[in-house]
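Okay, structure first, notes after.
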There are 2 protein chains.
Amino acid sequence: MPEKPELDFPRPLTTVDVVIFAIRSDALQVLLVQRPRTETEPFPGAWALPGGFVDIAGDRDLEACAARKLKDKTGVVSPYLEQLGSWGSAMRDPRGWSATHAYFALLPEHAAGGPLAADAQWFAIEGEKVRPKLAFDHAEILQAAVQRLRSKVEYTSLPAYLMPPEFTLPELQRTFEIVLDRPLEKSAFRTRMLAADLIEPVARMRKGPNRPAQLYRLKKAKAPVFFARTFNPPG
Amino acid sequence: MPEKPELDFPRPLTTVDVVIFAIRSDALQVLLVQRPRTETEPFPGAWALPGGFVDIAGDRDLEACAARKLKDKTGVVSPYLEQLGSWGSAMRDPRGWSATHAYFALLPEHAAGGPLAADAQWFAIEGEKVRPKLAFDHAEILQAAVQRLRSKVEYTSLPAYLMPPEFTLPELQRTFEIVLDRPLEKSAFRTRMLAADLIEPVARMRKGPNRPAQLYRLKKAKAPVFFARTFNPPG
DNA sequence: ATACTTAGTTGTACAGTCCAACTAACTTAG
DNA sequence: CTAAGTTAGTTGGACTGTACAACTAAGTAT
């Protein structure tokens, strides 16, 4: 064994990628960025998750690095940022052994409407994928993010982070349904949401062509609520 | 901007750590290793999670690296190995910016009884901690592992991986209770386990000083089962 | 007024947990 | 041989929350 063997080990490339979700046009969408068309870069011109190398001089930790990359592309700070997992192997990046730390973020509708970085664009989720072929193993990471989001939406209040500051219960239910891609039962949904210490009514109504609906807002600084059951007990 | 700026970025140290759980002496225990007492190593003599640097020449991917480290310390292959998350920051390792990919593994009782590496030892979980002070941020990682395990045990069949090849329903319930650190209701537990397509009876009974109990085994190659509810609805 | 649409409630059925009491099968003490 | 003790396993009633469906409420449009 040589001295200081470990520090002399070659180190993997280390990146952070962020899967940024929002509801836009009544659909679940994800933010992608187009890779530069430089020949020295892998996957030139392909779409990829926003992300990049950890800056060990500037980034305090992985989450700060993820928040920075999110802010770079959207200009906003996400109300919800969760670590998704890490992917590392010899093959995933043609430049060599690399590992990425993946996060996923939920942006409220109004925040997702703002200006984006020039290379960024929203894409609708279709199934667990997105239409363009993604760089690296980002299709796999995106699929894991969609699965994780859907599975948590079964028993948590995560979609509340996708809502504007004030919203009605039918709008909240619609957001759950968009994420889950299946209809939910109205009365059970209302019972569950109102029983949770999650939202509170505001003194206004949403007026439309039909019966007005009560407006609610998230109780302040609210962490996601965990429910004791999934929505539909399985088969 | 210099050319090839990113590849010339200094890279973080990259490690993999494994939180290995087993039931021993009717308690949830975790495997720790004692760090070498070499002066050039950080935390000499302290207890730490088994792990170490990724070998980019030998390890195909992160999970293979975790499985290798598990095998090094216990000699066995875990029936359950799940990624827990990653921790990376400028401060967690005195040698510089480092990131670790943490996994957690569940060993069946009989596999956890075998010979260990010389520097390895089992420790009981007390609360969400272990008695010795751990190196690096391993106390935080261990705490996250215990929380993840407990939370998943509320609605999955994970403890089945901690059981020997044949076991009774009361033994399985006891394992759930050890992990959750709280008693469960007998009839609801049996209903749930038998309704799940998880275990099957074998043609033998566990004989003891009292009424014999039916022996079961896991249905083969069984992925963990997810239940639609937690055990005790909160509130 | 009447039809239409969406918001919100109500009632019955059902699934599964909670709690408690019960029966079953074995060992040990006397 | 019987009685006591222990653990395995079942049963039944109360309760919680979803499923399904029908209902009422409040607005707009014709």
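Both backbone and side-chain heavy atoms feed into the values below; hydrogens, waters and symmetry mates do not. In what follows, chains carry the letters A, B, and so on, assigned in the order in which the sequence lines appear, proteins first and then strands, with residues in each chain numbered from 1.
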Residues forming a ring-ring contact (aromatic ring centres under 6.0 Å, His included) with B:Phe136, sequence neighbours excluded: B:Phe43, B:His138
- request: Sorted by first residue and then second, give each side-chain hydrogen bond (donor to acceptor under 3.5 Å, both in side chains) pair with at least one member in residues 77-86 of chain A; sequence neighbours left out.
  value: A:Tyr80-A:Glu82, A:Glu82-A:Arg148, A:Glu82-A:Lys152, A:Gln83-A:Tyr103, A:Gln83-B:Ser86, A:Ser86-B:Gln83, A:Ser86-B:His101
- request: Decide, yes or no, whether a salt bridge links A:Glu126 with A:Arg131 under the criterion of side-chain N to carboxylate O below 4.0 Å.
  value: yes
- prompt: What distance do A:Lys186 atom NZ and A:Thr191 atom OG1 have between them, rounded to the nearest 0.5 Å?
  reply: 11.5 Å
query: Can you list every salt bridge (charged side-chain N to carboxylate O under 4.0 Å, His left out) pair that touches residues 99-123 of chain A, not counting sequence neighbours?
result: A:Lys73-A:Asp119
message: I need the residues from residues 155-172 of chain B with at least one non-hydrogen atom less than 4.0 Å from DNA chain D; give them sorted by number, or say none.
response: B:Pro170
field: All pairs passing ring pair (Phe, Tyr, Trp, His ring centres under 6.0 Å) where residues 177-216 of chain A contributes a residue, at least two apart
entry: A:Phe176-A:Phe189
query: Roughly how many Å is it from CD in A:Gln214 to P in C:dG8, rounded to a whole number?
result: 7 Å
task: Give the B/S/- string for nucleotides 25-30 of chain C, one per nucleotide from 5' to 3', where a protein heavy atom under 4.0 Å of the base yields B, of only the sugar-phosphate yields S, and otherwise -.
output: BBS---
message: Applying salt bridge (charged side-chain N to carboxylate O under 4.0 Å, His left out) as the test, list every pair that has at least one member in residues 15-27 of chain B; sequence neighbours left out.
response: B:Asp26-B:Arg174
query: Of all the choices, D:dT18, D:dG9, C:dA20, which nucleotide is nearest to the side chain of B:Lys186 once you look at every atom?
result: D:dG9
Nucleotide of C:dT17, D:dA21, C:dG8 approaching B:Arg229 most closely (side-chain heavy atoms): C:dT17
message: In this structure, how many angstroms lie between the C1' atom of C:dT17 and the CZ atom of B:Phe227, rounded?
response: 14 Å
- prompt: So which nucleotide from D:dT18, C:dA7, D:dA8 ends up closest to the side chain of A:Ala213?
  reply: C:dA7
field: Counterpart residues, side chain to side chain donor-acceptor pair (under 3.5 Å), relative to B:Arg60 (two or more places apart)
entry: none
field: Summary of ring pair (Phe, Tyr, Trp, His ring centres under 6.0 Å) pairs that have at least one residue in residues 112-135 of chain B, sequence neighbours excluded
entry: B:Trp47-B:Phe123
- prompt: Which pairs count as salt bridge (charged side-chain N to carboxylate O under 4.0 Å, His left out) when at least one residue sits in residues 157-173 of chain B, sequence neighbours excluded?
  reply: B:Glu166-B:Arg204, B:Glu171-B:Arg206
Atom pair distance, as rounded to whole Å: CD in A:Gln173 and P in C:dG8: 11 Å
field: DNA chain C contacts made by residues 190-199 of chain B, counting heavy atoms under 4.0 Å
entry: B:Arg192
- prompt: Between C:dT9 atom P and A:Phe189 atom CZ, what is the distance in whole Å?
  reply: 14 Å
field: Which nucleotide in D:dC20, C:dA20, C:dG8 has an atom nearest any side-chain atom of B:Ser187
entry: C:dA20
statement: Those residues at least two apart in sequence (or on a different chain) that pass side chain to side chain donor-acceptor pair (under 3.5 Å) with A:Arg68 are A:Asp59
statement: Here the distance between atom P of D:dT7 and atom CZ of B:Arg174, to the nearest Å, is 12 Å
query: When the distance from CG of A:Leu215 to P of C:dA7 is rounded to whole Å, what number comes out?
result: 12 Å
statement: Whole-Å distance, B:Glu185 CD to D:dT16 C1', equals 15 Å
